[in-house]
There are 2 protein chains.
Amino acid sequence: MANQGLLKELIQSLCCLPGVGPKSAQRMAFHLLLRNREGARQLGRLLEKAVAEIGYCRDCRTLTEAEICEVCANPLRENDTLCIVESAADVWVVDQATTFKGKYFVLHGRLSPLDGIGPDQLGFDLLEQRMASGTLKEIILATNSTVEGQATAHFIGEVAAKHGIQATRIAHGVPMGGELEFIDSGTLSAAFNGRREL
Amino acid sequence: MANQGLLKELIQSLCCLPGVGPKSAQRMAFHLLLRNREGARQLGRLLEKAVAEIGYCRDCRTLTEAEICEVCANPLRENDTLCIVESAADVWVVDQATTFKGKYFVLHGRLSPLDGIGPDQLGFDLLEQRMASGTLKEIILATNSTVEGQATAHFIGEVAAKHGIQATRIAHGVPMGGELEFIDSGTLSAAFNGRREL
């Protein structure tokens, strides 16, 4: 075999990236070493720095290198609306796509009793504290439309009701630009049930 | 925007990997930070180490962290056959797929006058020294089957002839398992011209 130790190690390590198999990892390693050593050096430095410094926001549990993330620390964002999402990536997606100006709360998962994921693993104690504090008027449930995501949304909605907080669920229906012919029946049914006056 | 500085920097830096755009980079960053911090730390360390330590083999110009690569340093490999390839990745591919037991020479490119790549950029001085040393009996030209790869092979073949060394070109034809119906005409024509007795 012509592969030297360090190069082999690097290729194996690149396989830890999602969606990267041995072939892509090999291509990446050669590309970096032959054409972009500066990029590789910087990526290496940033990976180590990110792992060492990025933790979770004290208030919303999203990823941040500060104690409190940019959104939670921003005085221009409304304190009375809280958007609940499953993952830190969803915070970005929602923030980039919508005009939502409230704050977020990241569950880092969804209720899934079979996998041993209950309210404790999802930071519900922190969420209930927030609900009990009296600042919240509305909770927007933006968990995924999977079975577990729906169940999680309903569970949180019931807790919110106990605290007298309005809980809303993001709309489900036909995607913008979508054609009815290609929409699955569950989505189409949700779209009809959720119809609104023009 | 909800994206913090360091996380954003990491995502931008991941885009330096070939085939990785902003969306995949974001997915990779979240995956590493939420699910595989140990892998990320190791990958970071290996990237920095590889960039610092991996250079080119003195004899064959492939990537190695040693002065002479494993293949060139291996006394069991034959000294009289030299396989010429375009990239260091090709050394691996050939070594994994074939029973070739000679040594390699990596051009790190192909002749391409329009891009300013001439014999000097491809290590021809080193290659000619090797040819002049009198140890070589056969040179196997395994450059790619592109126009530039073919031209490079012919050029090296002529130099080899001057030194009285046999130069061979790897065969071109229908890939194993390939069906004639789906083969392009250039390949099929090469397969007919290169036909051999059964």
Side-chain angles (χ1 to χ4, degrees), chain A residues 1-7 9-10 12-20 24 26-55 57 62-66 69-71 74 87-89 91-96 104 108, chain B residues 1-7 9-10 12-20 24 26-55 57 62-66 69-71 74 87-89 91-96 104 108:
Chain A
M1 276 293 299
N3 35 353
Q4 299 279 327
L6 184 52
L7 191 52
E9 267 187 88
L10 175 62
Q12 274 165 359
S13 185
L14 280 163
C15 291
C16 81
L17 296 169
V20 175
S24 315
Q26 188 174 316
R27 201 161 59 91
M28 285 176 171
F30 282 115
H31 173 86
L32 291 175
L33 288 169
L34 295 171
R35 300 211 190 88
N36 194 357
R37 288 195 172 229
E38 190 38 59
R41 187 181 297 119
Q42 204 195 2
L43 176 57
R45 191 181 60 80
L46 281 169
L47 276 169
E48 292 192 285
K49 196 168 178 231
V51 169
E53 294 180 14
I54 292 181
C57 172
T62 195
L63 289 171
T64 173
E65 76 254 44
C69 76
E70 253 178 40
V71 173
N74 187 345
S87 87
V91 175
W92 287 38
V93 176
V94 173
D95 227 50
Q96 279 165 21
Y104 293 94
H108 287 303
Chain B
M1 276 295 298
N3 35 353
Q4 299 278 328
L6 184 52
L7 191 52
E9 265 186 88
L10 175 63
Q12 275 165 357
S13 186
L14 280 164
C15 290
C16 82
L17 295 170
V20 175
S24 315
Q26 188 174 315
R27 201 161 59 91
M28 286 176 172
F30 282 115
H31 173 87
L32 291 176
L33 288 168
L34 294 171
R35 298 208 194 92
N36 193 357
R37 287 194 173 229
E38 191 37 59
R41 188 181 295 121
Q42 204 195 5
L43 177 58
R45 192 182 58 82
L46 281 169
L47 276 169
E48 291 191 287
K49 195 167 176 234
V51 169
E53 294 179 15
I54 292 181
C57 171
T62 195
L63 291 171
T64 173
E65 76 255 43
C69 77
E70 254 178 40
V71 174
N74 187 343
S87 86
V91 174
W92 286 38
V93 175
V94 173
D95 227 48
Q96 279 166 19
Y104 294 93
H108 287 304

How long is the span from the [atom1] atom in [X] to the [atom2] atom in [Y], to the nearest 0.5 Å?
| X | Y | atom1 | atom2 | value |
| --- | --- | --- | --- | --- |
| A:Ser13 | B:Leu46 | OG | CG | 5.0 Å |
| A:Leu6 | B:Thr64 | CG | OG1 | 9.0 Å |
| A:Leu7 | B:Cys69 | CG | SG | 11.5 Å |
| B:Lys49 | A:Glu9 | NZ | CD | 6.0 Å |

**Request:** Identify the two heavy atoms, one from A:Leu32 and one from B:Cys16, that lie closest to each other, and give their separation to 0.1 Å.
**Result:**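 Shortest heavy-atom contact: CD2-SG, 3.9 Å.
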
**Message:** Evaluate B:Arg37 against A:Ile54 for side chain to side chain contact (heavy atoms under 4.5 Å, CB included), listing each step before the verdict.
**Reply:** CA-CA 10 Å; B:Arg37 287 194 173 229; A:Ile54 292 181; 4.3 Å; yes

**Asked** Which atoms of B:Val94 come close to chain A, meaning under 4.5 Å heavy atom to heavy atom: side chain ones, backbone ones, both, or neither?
**Response**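 For B:Val94, no heavy atom lies under 4.5 Å from chain A.
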
**Message:** Taking side chain as everything from C-beta outward and backbone as N, CA, C, O, which of these in B:Leu33 sits under 4.5 Å from a heavy atom of chain A? Side chain, backbone, both or neither.
**Reply:**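 Both parts, heavy atoms under 4.5 Å.
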
**Message:** If we define contacts as heavy-atom pairs under 4.5 Å, which of B:Ser87, B:Ala40, B:Ala52 has the most with chain A?
**Reply:**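 The residue among B:Ser87, B:Ala40, B:Ala52 with the greatest pair count is B:Ala40.
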
**Qualifying salt bridge (Lys or Arg N to Asp or Glu O under 4.0 Å) pairs, either residue in residues 38-47 of chain B, two or more places apart** =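 Every salt bridge (Lys or Arg N to Asp or Glu O under 4.0 Å) pair that includes a residue of residues 38-47 of chain B, provided the two are not neighbours, is B:Glu38-B:Arg41.
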
**Asked** Of the backbone (N, CA, C, O) and the side chain (C-beta and beyond), which part of A:Leu43 lies under 4.5 Å from a heavy atom of chain B, both, or neither?
**Response**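 For A:Leu43, heavy atoms of backbone and side chain both lie under 4.5 Å from chain B.
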
**Request:** Select, from A:Gly39, A:Gly55, A:Pro18, the one with the greatest count of heavy-atom pairs under 4.5 Å involving chain B.
**Result:**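 Max contact count across the listed options: A:Pro18.
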
**Residue pairs fulfilling ring-ring contact (aromatic ring centres under 6.0 Å, His included) with at least one residue in residues 31-51 of chain B, sequence neighbours excluded** =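 For residues 31-51 of chain B, and leaving out neighbouring residues, there are no ring-ring contact (aromatic ring centres under 6.0 Å, His included) pairs at all.
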
**Request:** Please step through side chain to side chain contact (heavy atoms under 4.5 Å, CB included) for the pair A:Leu17 and B:Val20, ending with a clear verdict.
**Result:** CA-CA 11 Å; A:Leu17 296 169; B:Val20 175; over 6 Å; no

